[in-house]
Amino acid sequence: MNKLMKKIMISVVLTGVAFALYQNFSLMPEYQGLNEGLSNYIIKSGLNDTGSLNLITAVLYDYRAFDSLGESTVIFGAVSGIVLILSRKMLPVSSKGLSFIVKRALGIMTPFIALFGFYVITHGHLTPGGGFQGGVILAAISIIFSIVYGSAFDYRRYSPQTKTLFETGGALTFLGLGLAGILMEGAFLQNLGFLTAETGTLISAGSIPYINIGVGFKVGAGLAIIFYSMIQKTFEEDF
Amino acid sequence: MAVLEIILVIFLVFSALMAVYFDEELISIIFLSIFSLVLTALYLLHKAADVALAEAVIGAGLNTAIFMSAISQIRHGDSD
Amino acid sequence: MTLRLIISYFLMITGSAFAIVTVLGLLRFPDVYTRIHAGAVVLTISAVLVTMGTAIYVWDLFLSAKIVLIGIFFLFSNPMATHAIARASYKRQIALPEEYEIDAYSDYLGRDA
Amino acid sequence: MLQKFSAFIFLLIVWFIFAGKITVDVLIIGSAASLLVTLFFSDMLFREVHRKLPWYHYLRKLALLLLFIPVFFYEAITAALKVSKHVFEKNPSFNPGIVKVKTELTDITGLSLLANLITLTPGTLTLDYDRSEKAYYIHWIDVETVEEAELKKKIIARFERWVGVIFR
């Protein structure tokens, strides 16, 4: 099969997918106002049920928290697989990184990136963001270290063992809150009612902020491990 | 608003097609990151700030880095 | 239309004009390094002007401070990235300036230019 | 200790800007987050502070840094206008080249700050710094001279004094 044929085939398949998606969306029921349906129930009483101003976080970590547990388990599986296949040994890879001008200027910026990551994680139930997003921002710091300072620096700063500790700690926080839901409220991952404070404060919304923190650490450490085990190539020259 | 939306959707389709069209992996990755950026703008236009934040961080930032490291591994493996 | 709004619109429009100038410069300049010049200087200034205009437009203590932080981030990151790109492209010989008369850097690297 | 403490205070202020309000719960969570960031990254933020200088010297440096901002903005905007002028010429013709400029600074933060400032000024772009000769290699969009003193005056003199006072 030559290249042109390949491209034509890909275009045909993509057009078919686009048509199918369009059909699906056109078959969706008409919007019927704010009175019916599950989404309308969530919009109406989500704030009362969970105390979280951000309804997406309310759905992710309260109504469908079990799904989120599954998602973070998927990340755990991906990390395990990639580490098993790619990283034959967890050794620091030598690399000089970029010039010291870049290193110094990024050194000034890195703490603020980390602080912003923590901000996104802890404000998950009040403003846009949450555990997944903030965790990826934290993982970006590891990528910056590996590229700019060389991966040996990343290894010294926080080694794969530390990252594994963070990841496991995050997962255990999530599971522990789920078990606490069984003990206190009677169902797995039930929102802990006694932790709820006045709406709009940082320590409100039951167990949602703590689940956010756990997921944030887990996702950040997990993605950092994935990236770290992918860069095995050594760069002798600095550029 | 509608005009901006149409322009962004056209850009989206264009960048997706270009990502498929080029044989060079690097150019495909760059077009994918442009795709994520346009998608972020579209999400923001529809007032889905959460999804926009996730798309910007994961699509434009992390995916690009991981793909880059992956193709550097592959190239190291088979040719030089 | 108060004075504050006029100032903010002026800053934003100036910044956008500088952004257009950046694109023109990227298209018109002859080689890699001169194109990087257009990207570095003018784009940074345009981004900073737009962020300042937005900060004056919203005129709220914490929100404006946040937007100013974004501007400071640009101010640090853009010249740094420019320097990294230029140095890497010289050292990896991706686009060597062939016809430069004065080239002190190639002497430093020990390459005969 | 002073390094860690100043980094903590600075990060806490930035945290309040992020959060957008000053209440007790924001203070508690922010202290925890700032403490974590301080433990991991404080030596990268304020690298200079561990030297044996009394603390009010740093206040003086901070005041000078604030005074430097308007000067910087004036220079940067004139720089942008100069490069824009090149863009609108009929066929952009200039004489690019790479020159070597010596500097007296030794501090790493000052050197990288000066390099970034050079990149932001009209038509100059820092390529590298040579530690043994204490000199920058600068790509200049339109080389007018190769004389050493002349070069220094044209490219880095207006920033070097500021940066030299602030970071010694």
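A, B, ... follow the sequence lines: proteins, then strands. Residue 1 opens every chain.
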Which atoms of [X] are under 4.5 Å from chain A, going by heavy atoms: the side chain, the backbone, both sets, or neither?
{"X": "D:Leu11", "answer": "both"}
{"X": "D:Ala32", "answer": "neither"}
{"X": "D:Ser34", "answer": "both"}
{"X": "D:Leu36", "answer": "side chain"}

A:Phe116/D:Phe18 aromatic ring centres below 6.0 Å:
yes

Parallel under 30°, tilted from 30 to 60°, perpendicular over 60°: which one fits the rings of D:Phe40 and A:Phe166? tilted

Compare all side-chain heavy atoms of D:Leu125 with those of D:Ile138 and state whether any distance is below 4.5 angstrom. no

Next item on the list: Report yes if the side chains of A:Glu167 and A:Phe217 come closer than 4.5 Å at any heavy-atom pair, otherwise no.
Entry: no

In this structure, OH of A:Tyr119 is separated from CD1 of D:Ile17 (nearest 0.5 Å) by 12.0 Å

With chain D, the option among A:Ile108, A:Val102, A:Ile121 that has the most non-hydrogen atom pairs under 4.5 Å is A:Ile108

Assert top hit (heavy-atom pairs under 4.5 Å, partner chain A, pool D:Leu111, D:Val37, D:Val26, D:Asn116) equals D:Val37

Has D:Phe16 got more than 12 heavy atoms of other residues, nucleotides or ligands less than 6.0 Å from its CZ? yes

So, the part of A:Ile141 with a heavy atom under 4.5 Å from chain D: the answer is side chain

